[in-house]
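To start, the structure under review is shown below, and the notes come after it.
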Amino acid sequence: MARAKKSAKAAAPMTTAQMLGSLLKSARDIMRKDKGLNGDLDRLPLLTWIMFLKFLDDLEQQREEEAKLAGEKFRPAIGKPYRWRDWAADAQGITGDELLAFINNDEAVRADGKKGAGLFAYLRGLSSSNGDNRRDVIATVFKGVDNRMKSGYLLRDILNKIGGIHFTSSDELHTLGALYESMLREMRDAAGDSGEFYTPRAVVRFMVEVTDPRLGETVLDPASGTGGFLVEAFSHLEKQVKTVADRKKLQTRTITGCEPKSLPYLLCQMNLLLHGLDAPQIDPGNALRFKLSEIGEKERVDVILTNPPFGGEEEKGIQGNFPEDRQTSETALLFLQLIMRKLKRQPTGVGRPARAAVVVPNGTLFGDGVCARIKEELLKDFNLHTVVRLPNGVFAPYTSIPTNILFFDRSGPTKEVWYYEQPLPEGRKNYTKTQPLQFDEFKDCIAWWGKRKENDQAWKVPAKELLDANCNLDRKNPNGKVNFEHLPPEQLADDILKKELRIVELMREIKAALGSSA
């Protein structure tokens, strides 16, 4: 057999990131051969539930060792023979039809040779006595998951590839987290038709930074998606942990979310677990399914961070949960009402007003009718202290819709609204998929946040002026250039018409001048 010639220079050893990336790419290449999968939207959930079980088993083994050293009893979330190490870890273990039957069927021959519940049937049946630990999380996750692979042999190859990833060190977890974020971004292409646009990490981090959740406050994202806001809030709060009691508070009574779609729900759970939240409390139902009038102080929270779907439409049954004069099919407006209702009226546990940061499309600022009535309540019953106007292309290439961030709290009615126009970097006309917004670009806004003064980017408008203008919040920067991307349609049409009329007028003048010189 011919042997490859030795390279004059030995190849550099693979980094952890390269190794993990290579393993994930190999697994996805294997999946492309399976005829039961149709594109990345089928492959992504498959890869995610497999990684979920591998990560969970590594985590459980770590926890078991820690419990032994501490002389404590350990209760695993998944029992034998359903742990990853029992049926997936052996590269020569069950495969083919036997593997598919074990995973898919209600009853099957398990890896230990005995008959019992199949893997998914077992996982879906898990429950806990107190309703808040990982067994419930696992059961809820797998109620929305199916294995679509038709080849048990290719599935075994994938298990063997993922088996090479070890979630046992903080470095590996950090690296995998970065790789996992790149997987989450793939969902954006399929999300646009339902009005869902996954928020760039820079925007998420900025919103968390200036909203500044504190340990002892509850944090909610009612449109969690893949968990970006909740992960960032968890990381922000984790830095404040000083004691065992602090850790317990963060783990059990702080982070909550809502995501009704099974794939984002699975990704959200995996994302939060990967970043250190042991038992994510994510509601798998539609956050809009409850009557607004029935949400009391007990159901309210301290901090809401979210980018609700915009452009989507809700059915009549959902609309009926809102006051008659505020009913609309526009998802963004229904979520805005929910967010306002869900904020606690009393100061939070650390003495601060309950507050929210919400991404909204530009139409929300200048909309009238139902939209204006919602904004009137926002100005009169809440303190809408800041509107950050995001530059063009922040969500590119998934949508070109101009967006803003509303920051409001429960400190009293609005007296004045500060506007801050986030500029594009020098020489740029918009953002792209390969050149997205960076967090560092918010540094001037963050520096301005606590010491507010009018400047080229910032200005303020009295609340009375906004109320008198039928709650039109679409105010242009008096110190900046006109941004046509943010103009309401009727104003944009007027501007175009004026320009066209001026062109016609100039043409007539030129024609007349030419005629007189003949």
Side-chain angles (χ1 to χ4, degrees), residues 195 197 199 203 206-207 306-312 326 328 330-337 339-340 356-396 399-408 413-424 429-431 445 448 452 454-499:
F197 304 104
T199 318
V203 175
F206 165 70
M207 290 168 66
T306 190
N307 176 14
F310 46 85
R326 312 287 173 89
T328 172
E330 173 54 53
T331 306
L333 294 180
L334 296 179
F335 266 99
L336 184 54
Q337 293 181 74
I339 292 159
M340 290 157 63
V358 187
V359 178
V360 297
N362 211 50
T364 302
L365 296 195
F366 58 75
D368 53 16
V370 169
C371 185
R373 287 192 284 276
I374 295 167
K375 289 182 290 184
E376 182 180 9
E377 181 186 352
L378 183 59
L379 289 167
K380 288 182 174 179
D381 295 349
F382 297 80
N383 177 24
L384 176 62
H385 55 82
T386 314
V387 176
V388 173
R389 312 215 67 171
L390 295 174
N392 298 338
V394 167
F395 288 86
T399 179
S400 58
I401 297 173
T403 51
N404 309 268
I405 312 172
L406 305 183
F407 294 89
F408 55 93
T414 307
K415 294 178 181 176
E416 61 188 18
V417 178
W418 277 96
Y419 288 82
Y420 190 97
E421 186 173 62
Q422 178 62 29
L424 279 158
K429 291 186 178 179
N430 57 26
Y431 293 105
C445 184
W448 166 87
R452 301 190 173 199
E454 293 195 0
N455 58 38
D456 288 347
Q457 265 68 54
W459 68 102
K460 60 184 175 181
V461 179
K464 186 179 184 306
E465 183 180 321
L466 298 169
L467 288 164
D468 290 344
N470 195 30
C471 300
N472 184 352
L473 304 178
D474 188 37
R475 297 308 172 101
K476 305 297 171 265
N477 185 349
N479 308 312
K481 296 176 183 177
V482 175
N483 183 353
F484 289 100
E485 290 286 335
H486 282 92
L487 290 177
E490 62 273 13
Q491 188 177 338
L492 191 58
D494 286 344
D495 283 356
I496 293 170
L497 184 58
K498 285 176 185 176
K499 285 180 174 61

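Just so you know, these numbers use all the heavy atoms, side chains as well, and skip hydrogens, waters and symmetry mates.
A search for side chain to side chain contact (heavy atoms under 4.5 Å, CB included) contacts involving A356 returns I304, I339, L343, V358, F408, not counting sequence neighbours. Applying the salt bridge (charged side-chain N to carboxylate O under 4.0 Å, His left out) rule to K415 yields no partners; only residues at least two apart in sequence or on another chain are considered. For T414, the side chain to side chain donor-acceptor pair (under 3.5 Å) criterion is met by no residue, not counting sequence neighbours. Applying the side chain to side chain contact (heavy atoms under 4.5 Å, CB included) rule to D456 yields the partners N479; only residues at least two apart in sequence or on another chain are considered. Shown here are the side chain to side chain contact (heavy atoms under 4.5 Å, CB included) partners of K464, two or more places apart in sequence or in another chain: D468. Listed by chain and residue number, P323, Q337, R373, I374, E377 satisfy the side chain to side chain contact (heavy atoms under 4.5 Å, CB included) test with R326 (two or more places apart in sequence, or in another chain). With sequence neighbours left out, K380 forms a side chain to side chain donor-acceptor pair (under 3.5 Å) with E376.
In this structure, OG1 in T328 is found 5.5 Å from CG in L333, a value given to the nearest 0.5 Å.
Using a 4.5 Å cut-off on side-chain heavy atoms (C-beta onward), Q457 and V388 make no contact. Counting only heavy atoms from C-beta outward, the side chains of I405 and T386 never approach each other to under 4.5 Å. With a 4.5 Å cut-off on side-chain heavy atoms, V417 and R475 do not count as touching.
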| said: Could you go through W448 and N455, starting from their C-alpha distance and side-chain angles, then the distance that decides it, and tell me whether this counts as side-chain contact (heavy atoms from CB on, under 4.5 Å)? | reply: CA-CA 10 Å; W448 166 87; N455 58 38; 3.8 Å; yes
| request: Begin from the C-alpha positions of L406 and L378 and carry the test side-chain contact (heavy atoms from CB on, under 4.5 Å) through to its verdict. | output: CA-CA 10 Å; L406 305 183; L378 183 59; 4.3 Å; yes
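Closest heavy-atom contact between C371 and G363: SG-O, 4.4 Å. For P308 against V359, the heavy-atom pair with the smallest separation is CD-O, 3.6 Å. When all heavy atoms are compared, the tightest approach of N404 to R389 is OD1-NE, 2.9 Å. Closest non-hydrogen pair, A332 versus P361, comes out as CB-CD, 4.3 Å. Nearest heavy atoms, Y431 versus P391: CE1-CG, 3.6 Å.
Open room surrounds CG on D368; 12 or fewer heavy atoms of other groups in view lie less than 6.0 Å from it.
K460 places no side-chain N or O within 3.5 Å of a backbone atom of E416 that could act as its donor or acceptor partner. Distance alone, capped at 3.5 Å, is enough to place a donor-acceptor pair between the Y419 side chain and the L473 backbone. Of the possible polar contacts, none joining the K375 side chain to the L466 backbone as a donor-acceptor pair under 3.5 Å is found. Judged by distance alone, with hydrogens and angles left aside, the side-chain atoms of N472 form a donor-acceptor pair with the main-chain N or O of D474 at under 3.5 Å.
Ring geometry, F407 versus F206: the interplanar angle exceeds 60°, so the pair is classed perpendicular (tilted spans 30 to 60°).
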